[in-house]
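Order of appearance sets the numbers: ligands from 1, and atoms from 1 within every ligand.
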Amino acid sequence: MSILPERIRQAALHAQSALADESTPFVRNAWYVAALAGEVGRQALARRLLGVPVLLFRKLDGSAVALEDRCAHRSFPLSRGTIDGDTVVCGYHGARYGGDGRCTGVPSQAQVPPGAMVRSFPLHESGALLWIWLGDPALADPAALPQQPWMDDPAWVSSTDRLHLKASYVRLHENLLDLTHLSFLHANTFGTPDYASAPFEARVDEAAGRFSLHRSVSPTRLPPLWALPTGLDGVDAARVVTSTFHSPALHVVGVKFHALDRPEAEQPSRAIRTAHIVTPETATSTHYFIQHARNFAIDDAAVTDFMHEQLLKAFQEDVDGLEAIETLLGGYGERQPEISFHADKASLAMRRHLKQRADAEAGR
Ligand code: FES
Ligand SMILES: [Fe+2]
């Protein structure tokens, strides 16, 4: 029995019905990251993406292939078979498939039966990332890749990693769009107490499907993660943060830092950008890839290592928090009402956008 008056409870649930959550079908007509480029080689890599079992490997010429990881014969995972040249050999009864997904041979008979094929998915390799299109192949346009120019720009030195999240990808986007939680969930890593109450501005562009939250924390003292590499330790500084949802697969958090004792224009640029690359695995689990970059101390590998290690510790706090929510809600068996705050404005618009795209794909 809810303690909310029934009228408020119903209104909250009604408003939520227009928002994406873990029960909303995936947006399929979009590019997602299947893997970091370095993860895919001559061994089969099995990964579930948007609910689909996918097998990834590289052909002899180095180009990557993505096939549905389910043999057309009796559904044996092809990733448990072997790669022979540019061919996958099923580990159950030996059917052979080319990189285009067509069966080229069945050992127990002379002819390949009609319809013996598995889906082959469009891939696009760019920089550190291998993008996949799991929707209508006719719509797979590389010009629509959400990858941002800085992600391949040598002026930005970056490191990559992969986390696994046992929670809906919608929760991860929502977490990234409102960083109020830095003061609480990340109190022991990169949050500061003044973060949550700093002024913010939501920027909503429904037509472009772009949603941002901009926040300026000033004056502030930077946590060691940012203070040490920027040289802004122990001084009054500004921390200016913009989180942007670019696509169901990509969220970018950009931060600029400067000292307050002299004009910003007289200081070297000190900025970091983190691509939070989000690929749903199942309704309640997500592949969470990271590309973290900075435009200062770009030749200093020790700074890269320090920031990477500290950031991963902080992102693990998000993973733990979101998994706790997913586990808690999973026990109810019915949708629970959520009461939103002003800082949720961009994330509510983003969740409406995801729901509308999923509905449009489903023809509703
Ligand atoms: S399940 Fe693959 S050949 Fe039989
Ligand atoms: Fe976080």
Sole residue of R335, R171, Q16 in side chain to side chain donor-acceptor pair (under 3.5 Å) with D21: R335
Numbering the atoms of ligand 1 from 1, which are under 4.0 Å from a heavy atom of F76? 1 (S)
Quick note on ligand 1: atoms under 4.0 Å from a heavy atom of A95 include exactly 3 (S)
Taking atom 4 (Fe) of ligand 1 as the vertex, what is the angle from ND1 of H93 to ND1 of H73, given to 10 degrees? 90°
Under 2.8 Å from atom 2 (Fe) of ligand 1, is there any N, O or S atom belonging to C71? yes
I'd like to know if atom 2 (Fe) of ligand 1 has an N/O/S atom from C90 within less than 2.8 Å of it, counting both backbone and side-chain atoms. yes
Below 30° counts as parallel, above 60° as perpendicular, anything between as tilted: where do the rings of W31 and W133 land? perpendicular
Is it true that L179 and L222 fall in one hydrophobic cluster, defined by side-chain heavy atoms closer than 4.5 Å? yes
What N, O or S atom of H181 is found closest to the Fe ion (ligand 2)? NE2
Assert yes or no for the condition that the ring centre distance of H276 to F315 is strictly below 6.0 Å. yes
Between Y288 and H164 (judged by ring centroids, cut-off 6.0 Å), do the two rings come close enough to count as a pair? no
Carboxylate-amine/guanidinium proximity below 4.0 Å for K256 and E264: no
The angle formed at the Fe ion (ligand 2) by NE2 of H186 and OD2 of D318 is about (to 10 degrees) 90°
